[in-house]
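Report on the following structure.
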Protein chains: 2
Amino acid sequence: MIRKHLLETAIHQFGERGFDGASTRSIAATADTAMSSITYHFGGKEGLYLACADYIVEEVRDRITPLLSTVEVEDSDRSGATEAVCFLLRGFAGIMMSEETAPWARFVSNELQQPTEAFERIATGAIDLIMAKVVELVGIARPDLDEIHRRSVAITIWGQAIFLRLGRASIERLLEANTMNAAAAELMIDRVVANARCILTQSPECRQ
Amino acid sequence: MIRKHLLETAIHQFGERGFDGASTRSIAATADTAMSSITYHFGGKEGLYLACADYIVEEVRDRITPLLSTVEVEDSDRSGATEAVCFLLRGFAGIMMSEETAPWARFVSNELQQPTEAFERIATGAIDLIMAKVVELVGIARPDLDEIHRRSVAITIWGQAIFLRLGRASIERLLEANTMNAAAAELMIDRVVANARCILTQSPECRQ
DNA sequence: GTCTATACTACGATAGAC
DNA sequence: GTCTATCGTAGTATAGAC
């Protein structure tokens, strides 16, 4: 399947070198095909780029959907909702730390900094899906908050997990881990989950 | 000062379009000079890029140093340390949210995802400076934690503020704020600080 | 120091053979 | 569908005038 091979190669190279930095020549060569295959399958470089976004959305959904479908919480079950958030967060953080997702993450990071049409597709296709569930659960865990504050809590909690990927270089530096080894990854995931639990089961002095 | 003008233009364009996407032609033209000025002042594109990193370090230090110098905490003053972290965090988050720092942030973000020599310079020149202080304060606020856990707490707290910049596109989306207005920015900064206070004054059930 | 002019390379797109 | 060959454009670097 040359189409898929092109997509995966392209995500790698777009992620590592940016849209301009990655060349169709190099992508085609790495995928062991001719440059004009890109024209044939995707219409051109731009089309290939957008197809990469769609491909990432599919892959993320494949991993996230089963996770999301396992949580079911009663409307008044505060501690159940807290545990559900922690469970989802641990799964999501694990995905963020896995090497498998590194190329997608770099691709998405580029779009986060300089959003194009590709970001719109990733946001509506994957990010919204996750955040809707998280906001809902935060709402159950923290009924004292109104909608906008629930959203701010949800995004800061999830932001920590995303930062595990986006800020990896500086995390590795601070932990003096040359590469993110399993122990360091576990340490950081545990920390992010503990922080989330802390925020959701707010002690009186930090209630807001 | 054409050198400075070139640097600021270059940071903008490198940040927005990446190293490959930004062309020396365009940078020189925007800075109202000839392309060969870049060769004269910086030796070439690569040299210009590294000089941008050094320039960012200087600018960040100018803003961070006065902030860091205002905090002085006794070794046993737990609540003092917590408040100091919150104070620094608020200042730092404010810097992260300001439009002035947006070009630098994009530049640094590119380096975080794909570190080069430029990241090494930014890390040693600016990031290490900040994180050393934060880790020290976290150590006072949470004497129950050993060094590695202090670091993990410090990086997750600071990561929230950095994510305000790196994840801005998705934050705006979730808050349904087309652009990050003052109210949304204040909401997010308050939230990040509240989370930090929550984490540092840990309630028993989330102690770890 | 700053400019113009030019050499050389690499890019994306496309036409056309198979 | 996939390839080769080629065209026009845009990039960096550099030489040399002033």
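Computed from a predicted model, the values in this text were never measured in an experiment.
Here B/S23 does not reach the OP1 or OP2 of D/dA10: none of its side-chain N or O atoms lies under 4.0 Å away.
The distance from atom CZ of A/R25 to atom C1' of D/dG8 is 12 Å, rounded to the nearest whole Å. The distance between atom CD1 of B/I27 and atom C1' of D/dA13, rounded to the nearest whole Å, is 15 Å. Distance, A/D20 CG to C/dA10 P: 17 Å, rounded to whole Å. Here the C1' atom of nucleotide C/dC11 and the CG atom of A/L48 are 15 Å apart, to the nearest Å. Here the P atom of nucleotide D/dA13 and the OH atom of B/Y49 are 15 Å apart, to the nearest Å. The distance between atom CG of A/L6 and atom P of D/dG1, rounded to the nearest whole Å, is 15 Å.
For DNA chain D, the residues of residues 29-46 of chain A within the heavy-atom distance limit of 4.0 Å (strictly under) are A/T33, A/A34, A/S36, A/S37, A/Y40, A/H41, sorted by number.
Aromatic pair A/F107/A/F119: centroids not less than 6.0 angstrom apart.
Ring geometry for B/Y49 versus B/F14: interplanar angle over 60°, hence perpendicular rather than tilted (30 to 60°).
The minimum heavy-atom distance between B/I122 and B/V57, with the atom names listed, is CA-CG2, 3.6 Å.
Between B/E136 and B/R150, none of the side-chain N atoms (NZ, or NE/NH1/NH2) sits under 4.0 Å from a carboxylate O, so this pair counts as no salt bridge. Taking a cutoff of 4.0 Å between a charged side-chain nitrogen and a carboxylate oxygen, B/E58 and B/K4 do not qualify as a salt bridge.
Contacts of B/A22 with the nucleic acid, taken as non-hydrogen atoms under 4.0 Å apart, involve only primed sugar atoms and P, OP1 or OP2.
Expressed to the nearest 0.5 Å, how far CZ of B/R197 lies from CD of B/E83 amounts to 4.5 Å.
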